[in-house]
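Below: the structure, in structure tokens.
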Amino acid sequence: MNRKLINGLLVLIAIAIVVIITKDFVGNKAGKNTPNPYEYSVDQFRQVDSAKVLYHEVLTFPVGAETLSGIALADSLVIVAAGNQLLHYDRSGKEVFRKTMSDTANCITVDKEKNLWIGMRHQVAQFDLNGNMQQQWESFGERSVLTSLAVSGDKVFVADAGNRVVYQCDRKGNITLKIGEKNEQKGVSGYVIPSPFFDLALDEEGFLWVVNPGKQSLENYNADGSLRTSWGVPGMKLEGFSGCCNPAEIAIMEDNSFVTSEKGMPRIKLYGQHGELKGVIAPPDKFDTDSYYAPDVAVDAEHRVYALDFDRKQVRIFAPK
Amino acid sequence: MESKEAPKRMDRRKLIRNGMQLSLGLSLAGVAGWSATKSSSDDLVWQLDPFKCVQCGRCATECIVTPSAVKCVHAYALCGYCDLCGGYLKPDPNARTTAAENQLCPTAAIKRKYIEEPYFEYEIDEPLCIGCAKCVAGCTSFGNGSLHLQVRHDLCKNCNECAIARVCPAEAFQRVPASTPYLIKGDFTKGKKG
């Protein structure tokens, strides 16, 4: 009797040991799942009060390409430059046009005449809406890295992260003004661009706004290239711009509100025309964590925000609640 | 009458002896050849692929050497020399200064040096570095990823079974030739994402 009892107990203990070891092995993945005592956490900054989220996502559609470059809007079309592909989608997300370009796009914009302006690494090219090349400018040099374009009337503004300057050009590509160039005699420290994220946009009055990413600020310029005003504070808190190179992408609405998009801890926010935070368009939990790429953004007349999500390879449309 | 000589027959003992001698000779030749090949080819050492590293902290806690033989290294060519450095400063610091309360590194192993407005240089004090990768996480998320971990071969014991490699969740550890023992970012790149 005693012997049977002892045997039974031993079997039970053996089963318990096997269960514990198996649970530990599976749960801990053989020691690979233990907590990190040195974890770098920005979780507290990922939390956003839902009352501050002013937009909701109304439509998402995939982009049928591996390498994404930029997004722009023209009438009812959503235009995506994706590597050397030019893609048109209707507002429901249906692909309606696709054309292969001769070079890889870095950025894209559309002017009021519905011409497409595409920035390659060193060059700017103009296309019609059907992707037929109208002209291609001369290279801005081997050191140039073109990251953003904006067109107003006969002026084309080109952001060059490699040379840390904004070129104001005529429509034929002749440089008429260099903006933000470092000038020690004038005490202009120039743009601080630690990585190839250097965006610009035009407001409704045609004034140029340029992101100075290393200073976490947006700078506004007069027609003669002199600094008019600037705003922006560094910081992970909601009102600030985090990291070395934010906001990485911007767009300006018809009422001169600013849409900003950040990398590192991706988030899209809405600021008033004087730089006061209005609220959040897409909080960090809408994106994959720690993305190297900030979503590129474009806005339409109904204040909807079109975000090109580089990680998920999607166009994501956010509308006011 | 022509006499025919009977064919010579090898006895069994001789056959076995010859066979054993042949086997021994072949074995010795094989071992000698293998040794020669091994001594002329490269030895292997442990190294971690910085593009696979997920900054889990295991390099600090699992290495048999104290402090860890894994150290942070800095690819200066990739660095933005940022004032607001994600690898040096805590998230949302009180000020962008060298005050201990603002530093991310638990052992203050990163030195911040002013270069010119608004640029700063960051240097790793390796004896202080414990390989925790906290700075690597900050730099990778909010900077250019110029800070990254590497096994330092003047410290590594090159164990047969590396204690860190065994638990590395990203399987970033690999054996590399001793003649090219480092996988430094900038020199060593992965396909561009985009």
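Chain identifiers are assigned alphabetically (A, B, ...) following the order of the sequence lines, protein sequences preceding nucleic acid strands; residue numbering begins at 1 within each chain.
Residue B/Lys111 places its NZ atom among more than 12 non-hydrogen atoms of other residues, nucleotides or ligands, all under 6.0 Å distant. Few gaps surround CG on B/Asp154; more than 12 heavy atoms of other groups in view lie less than 6.0 Å from it. By the neighbour-count criterion of 12 heavy atoms within 6.0 Å, atom NZ of A/Lys99 is densely surrounded, having more than that number from other residues, nucleotides or ligands.
Counting heavy-atom pairs closer than 4.5 Å to chain B, the top residue among A/Cys245, A/Cys244, A/Ser195, A/Gly214 is A/Cys244. If you tally non-hydrogen atom pairs under 4.5 Å between each of B/Ala133, B/Gly145, B/Cys56, B/Cys82 and chain A, the highest count goes to B/Cys56. Considering only heavy-atom pairs separated by less than 4.5 Å from chain A, the leading option among B/Gly138, B/Gly143, B/Cys79, B/Ala170 is B/Gly138.
Residue B/Glu116 touches chain A through its side chain alone, counting heavy-atom pairs closer than 4.5 Å. Using a 4.5 Å cut-off between heavy atoms, A/Ser69 does not touch chain B at all. Using a 4.5 Å cut-off between heavy atoms, B/Pro118 contacts chain A through its side chain alone, with no backbone atom that close. Of the two parts of A/Glu39, only the backbone, made up of N, CA, C and O, holds a non-hydrogen atom closer than 4.5 Å to a non-hydrogen atom of chain B. If you measure heavy-atom distances from B/Tyr81 to chain A, you find no contacts under 4.5 Å at all.
The distance from the CZ atom of A/Phe45 to the CG atom of B/Asp92 is 4.5 Å, given to the nearest 0.5 Å.
Side-chain atoms of A/Pro37 and B/Thr61, non-hydrogen and from C-beta on, do get closer than 4.5 Å to each other. Here the side chains of B/Phe142 and A/Met236 are in contact, with some heavy-atom distance below 4.5 Å.
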Can you check side-chain contact (heavy atoms from CB on, under 4.5 Å) on B/Tyr119 and A/Val192, steps first, answer last?
CA-CA 9 Å; B/Tyr119 300 105; A/Val192 181; 3.9 Å; yes
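In terms of heavy-atom proximity, A/Ser41 sits nearest to B/Pro91 at O-CG, 4.0 Å.
Each of B/Cys105, B/Cys135, B/Cys132 was scored for a side-chain contact (heavy atoms from CB on, under 4.5 Å) with A/Tyr38, with one residue passing: B/Cys132.
Side-chain atoms of A/Asn36 come within 3.5 Å of backbone atoms of B/Gln55 as a donor-acceptor pair (strictly under, hydrogens ignored).
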